[in-house]
There are 2 protein chains.
Amino acid sequence: MGGIREQKKQQTRRAIEEAAICLFSRKGFESTSMQDIAAAAGIGKTTIYGYFRAKDDIFLHYCDERLVTAFNRFREQQAEGVPFFEQLITFFMLKFGFVTENHEFGRLMLREMLFPKVASDKAREHDQRYFDILQGVFSLAEERGEIAPNLDHFMLSGHFFSLYVGLLAGWYTGYLNSLEEVEKGMRGLFHQVCHGIVA
Amino acid sequence: MGGIREQKKQQTRRAIEEAAICLFSRKGFESTSMQDIAAAAGIGKTTIYGYFRAKDDIFLHYCDERLVTAFNRFREQQAEGVPFFEQLITFFMLKFGFVTENHEFGRLMLREMLFPKVASDKAREHDQRYFDILQGVFSLAEERGEIAPNLDHFMLSGHFFSLYVGLLAGWYTGYLNSLEEVEKGMRGLFHQVCHGIVA
DNA sequence: GTGTAAACTCGAACCGGTTCGATATTTTTC
DNA sequence: GAAAAATATCGAACCGGTTCGAGTTTACAC
């Protein structure tokens with residue numbers, strides 16, 4: 001069992017993914033053909049379909065991996081002593097920077113994650129990881145008395161997540177043009193959540 | 001000037017659009033080929049490109065028209081006496097219902113409007129119309145003393161808009177499954193904005 | 001080893017969106 | 001009203017993602 005076949009398969013898969021991501025970043029997703037990828041990976045273009053269902057899948061699989069590492073990076077640098085407001089800013093700015101690092105990748109990823117053709121389990125997993133982190137932040141904040149007790153933490157997560165998505169839309173539609181502007185906007189919005197707007 | 005040619009052109013354009021939208025709703029966007037549309041409109045498929053830049057454009061042009069009428073409908077039924085919270089709920093639930101009326105249309109439209117390949121002027125116009133309406137709601141609320149004075153109305157618009165987008169994402173990823181749930185969620189989130197979460 | 005089944009590979013073909021280029025029609029000009 | 005310019009139409013071809021099917025390689029049973 002295992003053996004030669006499995007090894008080669010792993011190797012080929014890796015070759016395809018690396019070739020694809022390299023070409024996508026260099027020439028853009030749409031300008032890279034399956035032919036190009038196959039050539040760069042040293043195989044026939046039909047062979048790719050033995051490893052990935054479609055062109056999109058190569059990209060989405062890569063996003064998946066990156067998302068997981070990004071989450072882990074956040075968890076590592078999570079500092080307990082920091083006020084919850086700053087924890088949230090750090091968390092979402094990290095996410096934001098990560099998603100928009102490559103303009104086109106981010107666009108494609110967001111389209112697929114927020115408005116998918118069909119809801120996927122993979123996406124649910126990511127959401128779960130995300131909620132777990134925020135849940136932790138909110139619980140701590142509650143203990144410390146930074147936020148009101150008995151708030152619905154699920155809704156709270158949704159609230160901050162929505163603002164994060166709104167900022168991303170602002171970025172991609174051209175209303176926000178630098179990370180400084182984004183952070184400024186984020187602080188303003190988060191402040192509104194914290195203190196309310198009622199007279 | 002004008003004359004036969006112009007008339008026919010208008011007629012053909014209409015025929016294409018009607019055929020396309022009819023087929024899109026019946027069979028779905030991707031399952032409808034340019035061939036299908038051309039046949040239904042009684043022309044050759046290449047001719048379509050004399051009227052629309054691409055398949056997407058037929059759809060997006062239609063969305064454009066619908067968006068405008070939806071805005072007008074809201075402006076008509078805007079009631080002055082209603083508290084600003086209820087005005088916002090009405091506004092966004094109207095938008096929400098309109099966008100999600102056809103599941104696939106909404107998905108495609110949102111992908112394109114929030115994360116466009118290139119920022120377009122058309123989109124800016126819509127945003128402007130949207131901000132104008134909200135601006136009016138906030139100004140009135142301010143006069144009435146319903147919200148604090150000196151709030152940044154632009155940021156406020158962005159805030160509510162983000163929550164609306166977040167709810168849409170929740171709809172398309174399967175966390176919200178009925179308009180009742182959406183409205184309940186919307187009320188909860190808007191309430192958070194109004195009253196804050198700080199202890 | 002040998003036979004058999006499963007898995008891998010890839011050239012050929014398919015399919016649908018888009019472009020090209022030649023033809024047909026209308027408008028303009030004189 | 002005929003020639004020239006502008007524009008509309010559409011069949012043929014292109015291009016790129018995807019599927020088919022036939023040939024090859026590997027794994028396993030005996």
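Worth saying up front: this structure is predicted, and the values here are computed from it rather than measured. Every chain is numbered from 1 and lettered A, B, ... according to where its sequence line falls, protein lines coming before strand lines. Scope of the values below: all heavy atoms of this structure, side chains included, with no hydrogens, waters or symmetry mates.
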What class does the angle between the rings of A:F92 and A:Y164 fall in, given that below 30° is parallel, 30 to 60° is tilted and above 60° is perpendicular?
tilted
Any sub-3.5 Å donor-acceptor pair from A:Y172's side-chain atoms to A:R107's backbone N or O?
yes
In this structure, is the centre-to-centre distance between the rings of B:H159 and A:H159 below 6.0 Å?
yes
Lys/Arg cation over aromatic B:F85: B:R187, 6.0 Å, 45° cone:
no
I want to check a possible cation-pi pair here: A:R75 against A:F91, using under 6.0 Å from ring centre and within 45° of the ring axis as the test.
no
Reading nucleotides 7-18 of chain D from the 5' end, what letters show protein touch, with B for base, S for backbone sugar-phosphate only, - for no heavy atom under 4.0 Å?
BSSBBB----BB
